[in-house]
Amino acid sequence: MNNIHKKPLFEVSYAITDYEQATRVIIKNAHQRTSFGVSALAVHGLIESYKDKQLCRQVNKINMVVPDGQPVRWALNAIHHTHLKDRVCGPILTQWVLEASHHNAFNVYLYGSTQATLDKFSQFIRQNYPKITICGIHTDRFREATPEEDLQDIEKINLSGANIVLVGRGCPRQERWVSDHIGSINAVMMAVGAAFDFHAGNIKLAPKWMQDYGLEWLFRLVQEPQRLWKRYLFTNSYFIYLFFKQLVFKKQTAV
């Protein structure tokens with residue numbers, strides 16, 4: 001089940017998967033408390049990984065990087081003919097995993113974000129998935145842990161009996177953290193930072209029609225213009241450039 005079919009996009013290996021299959025893989029590894037990394041990587045994380053080769057190596061160490069965002073899905077379909085019917089959005093994948101974790105009475109650990117967001121996210125989980133035990137909560141230090149702090153964090157998570165660790169540190173810090181802890185934390189680690197804010201009620205998901213047309217970035221830009229305008233202006237433009245560059249290269253090599 002862990003033999004996940006992958007295809008590269010701008011040097012990042014994406015799992016060619018959907019919500020159902022990705023959830024099955026996560027739950028299987030969570031049952032066994034396998035040290036297993038997951039990332040829902042959208043355009044921003046993809047471009048950051050392309051520009052930063054060290055980050056790219058870390059992201060490619062993650063066991064399952066799912067195609068978060070319609071533009072990523074469209075690019076994979078256009079370049080590799082993967083026939084993906086939908087993207088695998090981090091907040092929605094989190095709901096799938098929480099539902100399955102509820103049925104399995106799993107232990108879930110929350111790592112990252114602010115105390116206020118963690119309080120609201122914990123309340124969301126307890127109200128909607130009462131069979132889940134929240135076995136630990138760790139607010140973000142908003143800096144990297146010292147080696148001593150990191151060892152303490154690892155021990156605390158492993159002693160908690162966590163099946164799944166939801167990691168909300170923001171991209172790409174959460175991807176680096178998950179990658180660096182594969183092999184030391186005995187649980188599935190999911191880098192799904194936006195899910196914390198969405199399910200805590202801090203920000204809203206875009207309407208479905210905007211999601212379907214790849215306009216989530218516009219919806220979020222309207223919500224947080226000062227924080228996001230530079231990201232979307234430069235990141236989206238660079239994504240489009242790389243996409244057409246790779247598409248032209250593929251057509252030339254196919255001739």
Are Val59 and Ser179 close enough that some pair of their side-chain heavy atoms sits under 4.5 Å apart? no

With side chains defined as the heavy atoms from C-beta onward, is the minimum distance between Ile26 and Leu93 less than 4.5 Å? yes

Any residue meeting salt bridge (charged side-chain N to carboxylate O under 4.0 Å, His left out) with Glu20, in chain and number order, not counting sequence neighbours: Arg24

Under a 4.0 Å N-O cut-off, is there an ion pair linking Arg169 with Glu144? yes

Asn107 side chain to Gly161 backbone, donor-acceptor under 3.5 Å: yes

Is any side-chain heavy atom of Arg87 closer than 4.5 Å to one of Tyr19? yes

What residues, two or more places apart in sequence or in another chain, satisfy side-chain contact (heavy atoms from CB on, under 4.5 Å) together with Gln127? Gln123

Where at least one partner belongs to residues 133-162, residue pairs that pass ring-ring contact (aromatic ring centres under 6.0 Å, His included), sequence neighbours excluded: Tyr111-His138

Once salt bridge (charged side-chain N to carboxylate O under 4.0 Å, His left out) is applied, what residue pairs with a partner in residues 46-57 remain, sequence neighbours excluded? Glu11-Lys53, Glu48-Lys51, Asp52-Arg176

Ser184 backbone acceptor or donor facing Asn158 side chain under 3.5 Å: yes

Between Asp150 (side chain) and Ala145 (backbone), is there a donor-acceptor pair under 3.5 Å? no

Less than 4.5 Å apart, side chain to side chain, heavy atoms only: is that true for Leu84 and Pro67? yes

Is the backbone N or O of Leu9 less than 3.5 Å from a side-chain atom of Tyr50, with the two atoms forming a donor-acceptor pair by type? no

Side chain to side chain contact (heavy atoms under 4.5 Å, CB included) between Asn128 and His199: does it pass, once the steps are laid out? CA-CA 11 Å; Asn128 293 281; His199 298 311; over 6 Å; no

Just by modelled atom types, is the Ser13 backbone N or O under 3.5 Å from a matching donor or acceptor in the Asn60 side chain? yes

Restricting to non-hydrogen atoms, name the atom on Ser160 and the atom on Cys135 that form the minimum distance, rounded to 0.1 Å. OG-SG, 3.5 Å

Closest heavy-atom contact between Val66 and Ala22? CG1-CB, 4.4 Å

Can you find a pair of side-chain heavy atoms, one from Val178 and one from Val38, that are under 4.5 Å apart? no

I'd like to know whether Val25 forms a side chain to side chain contact (heavy atoms under 4.5 Å, CB included) with Thr17, so could you lay out the CA-CA distance, the side-chain angles of the two residues, the decisive distance to 0.1 Å, and finally the verdict. CA-CA 10 Å; Val25 171; Thr17 190; over 6 Å; no

Applying side chain to side chain contact (heavy atoms under 4.5 Å, CB included) to Asp86 and Asp18, what does each step give before you reach the verdict? CA-CA 7 Å; Asp86 198 2; Asp18 56 20; over 6 Å; no

Co-membership, hydrophobic cluster, residues Leu151 and Met189, 4.5 Å side-chain: no

Asp140/Ser113 under side chain to side chain contact (heavy atoms under 4.5 Å, CB included): CA gap, chis, key distance, verdict: CA-CA 5 Å; Asp140 205 322; Ser113 196; 5.7 Å; no

Is there side-chain contact between Ile185 and Trp177, with heavy atoms separated by less than 4.5 Å? yes

Can you name the nearest heavy-atom pair linking Phe239 to Ile47, along with the distance? CA-CD1, 3.8 Å

List the residues meeting ring pair (Phe, Tyr, Trp, His ring centres under 6.0 Å) with Phe121, not counting sequence neighbours, and say none if there are none. Phe196

Out of curiosity, does Ile240 fall in the hydrophobic cluster containing Val12 (side-chain heavy atoms, cut-off under 4.5 Å, transitive links)? yes

Within-4.5 Å side-chain heavy-atom neighbours: Ser39 and Gln174: no

Could you check if a side-chain atom of Asp153 sits within less than 4.5 angstrom of a side-chain atom of Arg141, using non-hydrogen atoms only? yes

Quick one: closest heavy-atom pair of Asp68 and Cys89, and the distance? OD1-CA, 3.5 Å

same_hphob_cluster(Leu247, Tyr238) at 4.5 Å side-chain heavy-atom cutoff: yes

Donor-acceptor list for residues 97-104 side chains, cut-off 3.5 Å, not counting sequence neighbours:
residue: Glu99; atom: OE2; partner: His103; partner atom: NE2; Å: 2.9
residue: Ser101; atom: OG; partner: Val97; partner atom: O; Å: 2.7
residue: His102; atom: ND1; partner: Lys131; partner atom: N; Å: 3.2
residue: Asn104; atom: OD1; partner: His31; partner atom: NE2; Å: 2.7
residue: Asn104; atom: ND2; partner: Ala100; partner atom: O; Å: 2.8

Got a second to check how far Ile16's CD1 is from Asn77's CG, nearest 0.5 Å? 8.0 Å

In short, Gly45 meets Cys171 closest at the heavy-atom pair CA-SG, 3.4 Å

How far apart are the closest heavy atoms of Ala162 and Ala187, and which atoms are they? O-CB, 3.4 Å

Is it the case that atom CD in Glu155 sees more than 12 heavy atoms from other parts of the structure closer than 6.0 Å? no

Do the side chains of Ile157 and Leu159 join up, straight or via other hydrophobic residues, at under 4.5 Å, putting them in one cluster? no

